[in-house]
Amino acid sequence: MTYLYARTSTTAKRKALRAGLASGLLLRLPGAFNPLTARLVQQTGFEGVYVSGGALSAAAGLPDIGLTTLSEVAGWAADIAASTDLPALVDADTGFGEPLNAARTIQRLEDAGLAGCHLEDQVNPKRCGHLDGKALIAPQDMVRRLRAAVAARRDPDFLIVARTDARGVEGLTGAIERAKAYVDAGADAIFPEALADEAEFAAFRAAVEVPLLANMTEFGKGPTLDVDQLRNLGYNLVIYPVTTLRLAMGAVEAGLRRLAADGTATGLLDTMMTRSRLYEVIDYDEYSRFDADIASFTLPPDA
Ligand SMILES: C[C@](O)(C(=O)O)[C@H](CC(=O)O)C(=O)O
Ligand SMILES: [Mg+2]
């Protein structure tokens, strides 16, 4: 039975993520900005789900400048993680404050059912890693942030990824130096943000022993590399953080314009997820099997 969302325990999801990293294969994590999208990520065959701070804040109608709180992010991420059997990795921004806040962030995200998170070395308020004008905390302060996070972790399988935004601020060498210090502080993996070209991806791989995460966000700085290129470069995780939100919102905007113009949604039907497909994605059938009295339905023709 698969009713009531997903049936894989958080422990098993974290172990799957760890095993995936140990396998040396590239794990692909598209962003899911809500639980329904996470279910689609699973059903289309990916290895994990990414919960993007940029996408969550945009979905809330906000810029990605640290306005969302730990409680909000943990709550949204918990719903997303619970809706899928895949491990979910969440964007924990700067850890929501001082090292003590980062420690509490880790425990909240563990309790929320996440498989891991990333913490970055920007100051508060942070900004999207692909914008100019970023400011960083000192390397030793990020080391304190990470040490506090690692010490607070209760499940050793919860993955703590250190992100460095240093490339655009201090250059490649500075970013690599920081990454090494973050590994020494206990980071399980490194997320080098906004590298300029493929050679820089390779330089990071050569310099750092732990798993590496590649961010293939659209309309950003740096190259778009496909999975074969990332595999050849030796990367372990790739995120497509805002892809599903951009796809959905592009379709929503176009559809709304057409609805406004036409006065009917009839011309839009072939661009929509049908009622029957939607019910399949949320596994409505399983709920009906569980209790036919409350959850049975007959679809209208052509639904
Ligand atoms: C990965 C990221 O931190 C996110 O919040 O998803 C963003 C993505 C984006 O804004 O395109 C980032 O800072 O790269
Ligand atoms: Mg982010």
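Each ligand, and each atom within it, is numbered from 1 in the order the structure gives.
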Next item on the list: Would you indicate which of K126, E218, E193 comes nearest to atom 14 (O) of ligand 1 when only heavy atoms are counted?
Entry: E193

Check: Taking N or O atoms only and a 3.5 Å limit, does G54 qualify as a polar contact for ligand 1?
Finding: yes

Item checked: E110 with R154: basic N within carboxylate O range, under 4.0 Å -> yes

Check: Taking atom OG1 of T164 and atom CG of L119, what is their separation to the nearest 0.5 Å?
Finding: 12.5 Å

Next item on the list: Consider every N or O of R127 and every N or O of ligand 1, then say whether any pair is closer than 3.5 Å.
Entry: no

Check: Taking only heavy atoms of R246, which atoms of ligand 1 are found under 4.0 Å from at least one of them?
Finding: 11 (O)

Notebook entry, point to check: Which single N/O/S atom of D91 lies at minimum distance from the Mg ion (ligand 2)?
Noted result: OD2

Next item on the list: Compute the minimum heavy-atom distance from F219 to ligand 1 and say whether it is under 4.0 Å.
Entry: no

Note to self: Check R18 with D188, please: is the shortest side-chain N to carboxylate O separation under 4.0 Å?
What the structure shows: yes

Margin query: Taking the basic N atoms (NZ, or NE/NH1/NH2) and the acidic carboxylate oxygens, is any pair closer than 4.0 Å for D155 and R14?
Written below: yes

Check: Is there a donor in the side chain of T94 and an acceptor in the side chain of N124, or the other way round, less than 3.5 Å apart?
Finding: yes

Notebook entry, point to check: Looking at Q122, R145, E120, which one forms a side chain to side chain contact (heavy atoms under 4.5 Å, CB included) with I137?
Noted result: R145

Next item on the list: Under 4.0 Å from a heavy atom of G129: give me the atoms of ligand 1 that qualify, with their elements.
Entry: 12 (C), 13 (O)

Notebook entry, point to check: Among the heavy atoms of R163, does any lie under 4.0 Å from an atom of ligand 1?
Noted result: yes

Notebook entry, point to check: Are the charged groups of R178 and D121 less than 4.0 angstrom apart, N to O?
Noted result: yes

Notebook entry, point to check: Under 3.5 Å, N or O to N or O, is S52 touching ligand 1 that way?
Noted result: yes

Check: Taking distance alone, with no angle check, do A55 and ligand 1 share an N/O pair under 3.5 Å?
Finding: no

Margin query: Over 60° means perpendicular and under 30° means parallel, so tell me whether Y50 and H118 are parallel, tilted or perpendicular.
Written below: parallel

Next item on the list: Indicate, as side chain, backbone, both or neither, the part of K134 found under 4.0 angstrom from ligand 1 when only non-hydrogen atoms are considered.
Entry: neither

Check: At a 4.0 Å threshold, what atoms of ligand 1 neighbour a non-hydrogen atom of H130?
Finding: 14 (O)

Margin query: Regarding ligand 1, does P241 bring an N or O atom to under 3.5 Å of one of the ligand's N or O atoms?
Written below: no

Notebook entry, point to check: In terms of atom number and element, which parts of ligand 1 are under 4.0 angstrom from non-hydrogen atoms of T217?
Noted result: 8 (C), 9 (C), 11 (O)

Next item on the list: Can you sort out which atoms of ligand 1 are near D64, meaning under 4.0 Å from one of its heavy atoms?
Entry: 5 (O)

Next item on the list: Tell me, please: is M216 in heavy-atom contact with ligand 1, that is, under 4.0 Å?
Entry: no

Note to self: Can you tell me how far apart CG (L213) and CZ (F204) are? Round to the nearest 0.5 Å.
What the structure shows: 11.5 Å

